[in-house]
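Throughout, a chain's letter reflects where its sequence line sits, starting with A, and its residues are numbered from 1.
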Amino acid sequence: MYRGREGQWAFFLHRISGIALLLWLLLHTLNISSAMWGPAVSNRLMLFFHVPIFQVGLLLVTAAALYHSFNGLRIIIMDFTGWGIKYQRQLWYGVIALCVLVAVPGLILTVPRIIHAATHGGAQ
Amino acid sequence: MAIRARRYADAKAQASSNTELLWWVFMRVSGLVMVFLVLGHIYMNFVLIDVSTINYTYVAERLSNTTWKIYDWLILVLAMLHGMNGLRYVMDDWIRNPARRFATKAVVYSLAVLVVIVGSFSLFNHDFSKDLKQAAQTQGSVKP
Amino acid sequence: MQVTLKVMRHDPAKNAKPGWQTYSVEAEPMDRVLDLLHKVKWYQDSSLAFRRSCGHGICGSDAMVINGVNQLACKALVKNLGMLIQVEPLHGLPVEKDLIVNMEGFFAAYRSVKPYLINEEQPPERERLQSPEDRAVFDTSTKCILCAACTTSCPVFWVNGSYIGPAAIVQAHRFIFDSRDKGLRERMQALNASTGLWRCRTAYNCTEACPRGIPVTKAIEEVKRAMIYDRF
Amino acid sequence: MAHEHDVIVVGAGGSGLTSALYAANQGVNVAVVSKLYPTRSHTGAAQGGIGAALGNVEEDHWEWHMFDTIKGGDYLTDQDAAELFCKEVIDAVIELEHMGLPFDRLPSGKIAQRRFGGHTKEFGKAAVHRAAHAADRTGHMILQTLYQQCVKEGITFYNEYHVTDLILEGGVAQGLVAYELASGELHTFKAKAIVVASGGYGRAWKTTSNAYTLTGDMQAILYRKGIPLEDMEFYQFHPTGLFPLGILLTEGARGEGGILRNGSGERFMERYAPTIKDLAPRDMVARAMYMEVREGKGVGPRKDYVLLDLTHLPPETIHNKLPDIAEFAQIYLGVDPTKQPVPVMPTAHYAMGGIPTTVNGEVVTDGNNTVVKGLYAAGEVACVSLHGANRLGTNSLGDLVVFGRRAGVAAAKFAKDAEFYDFTSEVLGPSRERIEKILNAQGGPSVADMRAELQQTMQDRASVFRVESLLQEQTEVLKELFDKYEKVVVQDRGTKYNTELVEAIELGYLLEVSEATVHSCLNRRESRGAHAREDYPERNDKEWLKHTLVYKCPNRAVKFAYKEVVLGKFEPKARTY
Ligand SMILES: Cc1cc2nc3c(=O)[nH]c(=O)nc-3n(C[C@H](O)[C@H](O)[C@H](O)COP(=O)(O)OP(=O)(O)OC[C@H]3O[C@@H](n4cnc5c(N)ncnc54)[C@H](O)[C@@H]3O)c2cc1C
Ligand code: HEM
Ligand code: SF4
Ligand code: F3S
Ligand code: FES
């Protein structure tokens, strides 16, 4: 295994999160579009996606979205400014910090909801 | 083998186009726009409400609103283009066998087009207000 | 002191699979990894194959993966590496034997960026003038010794060998930013291709790996910008 | 496999690439055969600069440069070569600039120049700014620029092909045999003209600034074929080798103001060369350093080195003008030259001698300049003789481009009117036998042990100071080593990248050039330039103002002939600075 540093891991994560987002985008679009076929089909699909495992997956995808967005901004800064390259490492730590900063309240908000849903057999 | 250091004579046909440059710029621009769209989307559907309560009615109501139609369609198209081009990079990198790469790309791009079409239909060609009314009639009220 | 040197060996004639071989070598803290390899080759196992020439980081022959990162064996000192030193051939290029990799693809990429001054104007009788400031702009990229440490540290190159690679882009930078050069458009052909510089994902491994201290990623980004500003 | 090219150049250093480039410009088909990738050649290690009387910083004239070259060479320099060189090197530097070489610049935009050892104004009055440079990687930039031009011209390269033989029939060069490292195959090359540009042989000594690959290959191959080697006793030891590794710290460090100090901190060069002090020619500085150490004025626990002091220079000067050597000191000794003086001692550096040639690079076989048809040589491998008994710093890079060009043009012109000679793959025979003998040997000495012995004994008996008894001993040592070499064994019997076999072959070359060197040292009973005989401390113009030609004879004997020194403008005078 090559001992790369921050830049390498930033890239690996960016790529993986991008792919995850894309995968989710496909599922999500189909899921939402199912509304076209009326409430019966649609609600069944949505219920299917409301099982806890998908909920946790959704949390991960959200984390991916956060990381990908913030790191995307880091990349854009590096692409167009000299200091972005100079401080790329610090910027990356900034990205991680931002993700954590946003994720913690998010988790505090959503985890109880998921647990609630899981223990009460769904939101309905 | 002898090495012939030649003038880059066989500069490939692809070389003279700016496609790659333009895609690269597009990735930044679309990314920049999407930061707001996607974070907004997350905020609205994850924080403001409990995702696990989302159901047909919520969706149908949202999809009846023109602003949201445009908002969602923008995300869909931008993310699709951005993500698919990203995936193209990934496929170029990870699938080294030309035949296999071609096949994968064909499948993936077809899928992408399909999804965009389905998504766009649901946004613009489907009258959810009618559906909603129907639903209300048949089921009584639709519980949130 | 006694250090353990683990070398990834591959003899194409004997066995198909590469494998680690371990040697115990007497070493001083100021010894170079190249010295250790020589000690093995000269006094323990002379079949060990690697390239080297100058012995002090100027010819670019002996880039290899040392303790997980690309370095020149002649610039990596034992005191900075510890008692267990692992040496592998560069990643991403076909291994010919032990630590020797095939460099043809690497040099082909180099040639593709037209790595020579392009200026069709008749030069003056004496030297062309260039201010020290103009000269400074591309100074670091002139340091490149074509050792391939950067290109073979690039995660994109590992999986996509047709990527032109940072070394070639540094060479392009060396000329594009030379006030005497007029070849930006010509070089764009190779750089703009789908295997060109837009494949760079700013992973910075190249910058970390460069034994000449060239800010490789910075150079790449400058070339990207130069091309974009040329188009828009 | 068999190949055919009008002109084939052996070696892809500065001289080889220049030859190839100018030969190609003449419209002939050119190929370069090199045992290294071109950019790995040792020209890339040259640091300080290329000397030319551009006069960009201060007034300068080619005559002054010529005088310095001749005086630096202790009047053994051929003055026709020196005159031509000092004129043409000016154009050569301009031409390199036109090719794109990124010289450092003056505020006016002109090429910057620095002072260098032995380069003076007004025939010795004071040091002059003559060395055009690109930081302290001038050689690197020359090598890169020349290779770039070769890429542009589409010259054919055979990289990692090790030349093992030269086909010479009836005084005519016809082709080459080379061993391809990647496959272990032998190849034949037919050529109408061959330019030999394979560099020096510093690896004959233990402490050297030279690359592991500088083993005197083509000198040895031609020597074995009966072609003489000229002035082999003149081997330059560069004063400032990083102690104890031998890695070079450019003279440019002293050009920028660096000072040599002994154990008591004294600037001892003031005693040896009152006018130009630390910028005296290399032979003098190297001897002075040895004298200091001998007199117990050295530094360190064993008092066996001296110090190069740069601490009084502004740190920016060091970082901008000498970045690489600052890094060498930092990496290999852990010494920061902006804060601490750097331990240095002389290191084997440059061969003034080599294959005798005319000013057009034609290889000659005797004192009457009898030419070998179709055979040319340039660069460190050759002896024009521009450097005489001692080369001035920066004159080698100039030599590469000036005489590389002359050899390339002459070879191309010759090739235009010549035909390919007919030979079959039988010519591979001797090379194949040599290789198979090594591969099949059993129970003999190892390459590494033998080479270590050679290098140590050469260091002890034939380095800066020389004396009859030790040299005599060394000839005996060499005879023994030759005997042992007959049985040398290798462990690696493979065909792909058999680098051990290559080292074994190179050891054979080192033995040959060492033999030529030691015998030439023994033969010249005077002290001149880099050749310092303790038993004959004076220069003796009456008997020894002539070039040595050493020939290999059967039974490990040698014979000598001599060649007149071309005199002219400058009469031999005592050499003081
Ligand atoms: C550390 C250092 C610093 C120096 N600094 C300066 C300086 O500042 N100024 C200056 O003027 N001079 C300097 N010199 C001297 C100068 O650099 C050299 O003399 C010069 O570069 C030699 O060039 P070349 O072309 O003759 O040979 P090299 O550059 O040594 O090239 C030899 C070529 O021959 C090939 N070759 C050798 N044997 C074979 C074979 N058997 N088969 C095939 N190919 C073969 C090699 O592959 C290589 O390509 C310095 C030298 C050293 C060592
Ligand atoms: C939210 C805002 C987003 C921003 C700021 C953003 C930014 C970026 C940027 C700048 C790149 C280019 C990386 C490079 O060239 O090195 C990129 C690549 C990528 N993006 Fe996004 N992106 C965003 C959203 C998305 C979404 C929603 C998806 C999925 C649909 C996605 C999928 C990808 C993929 C797959 C890649 C390719 C990764 C690679 O080649 O390594 N991105 N993104
Ligand atoms: S940029 Fe640095 S790492 Fe890359 S080839 Fe050049 S010197 Fe080596
Ligand atoms: S490691 Fe590779 S991705 Fe770009 S920054 Fe360097 S070339
Ligand atoms: S041997 Fe030349 S760079 Fe290491």
Contact origin within D:Met141 toward chain C - heavy atom pairs under 4.5 Å
side chain
Which atoms of D:Phe103 are under 4.5 Å from chain C, going by heavy atoms: the side chain, the backbone, both sets, or neither?
backbone
To the nearest 0.5 Å, what is the distance between OH (D:Tyr147) and CZ (C:Arg111)?
5.5 Å
Are the aromatic rings of C:His56 and D:Phe328 close, with centres under 6.0 Å apart?
yes
Under 4.5 Å from any heavy atom of chain C - which part of D:Ile331:
both
Atom SG of C:Cys54 and atom CD1 of D:Ile247: how far apart are they, to the nearest 0.5 Å?
8.5 Å
Heavy-atom distance under 4.5 Å to chain D: side chain of C:Ile118, backbone, both or neither?
neither
Which bit of C:Lys75 is near chain D, if near means a heavy-atom gap under 4.5 Å: side chain, backbone, both or neither?
both
Go through C:Arg51 and D:Tyr497 one step at a time and tell me if the side chain to side chain donor-acceptor pair (under 3.5 Å) criterion holds.
CA-CA 9 Å; C:Arg51 289 192 181 98; D:Tyr497 283 101; 3.3 Å; yes
Quick check: does any side chain N or O of C:Arg52 sit under 3.5 Å from a backbone N or O of D:Tyr212, one acting as donor and the other as acceptor?
no
Under 4.0 Å between a Lys/Arg side-chain N and an Asp/Glu carboxylate O for C:Asp98 and D:Lys496?
no
Should the pair C:Arg180-D:Glu97 be classified as a salt bridge under the 4.0 Å nitrogen-to-oxygen rule?
yes
Under 3.5 Å, is there a donor-acceptor pair between the D:Asn56 and C:Glu127 side chains?
yes
At a heavy-atom separation under 4.5 Å, does D:His98 approach chain C through its side chain, its backbone, both, or neither?
both
Between D:Gln491 and C:Ser47, do the side chains contain an N or O donor and an N or O acceptor separated by less than 3.5 Å?
no
Cut-off 4.5 Å, heavy atoms of chain C, and the answer for D:Leu245 is side chain
With no hydrogens and no angle check, do the side chains of D:Thr499 and C:Lys97 hold a donor and an acceptor under 3.5 Å apart?
no
Turns out that what part of D:Arg451 lies under 4.5 Å from chain C's heavy atoms comes down to side chain
Proximity breakdown for C:Glu133 and chain D, heavy-atom pairs closer than 4.5 Å:
neither
Tell me whether D:Arg40 is salt-bridged to C:Asp62, with the criterion being a basic N under 4.0 Å from an acidic carboxylate O.
no
Counting distance only, does the side-chain N/O of D:Arg105 pair as donor-acceptor with the main-chain N or O of C:Ser131 below 3.5 Å?
no
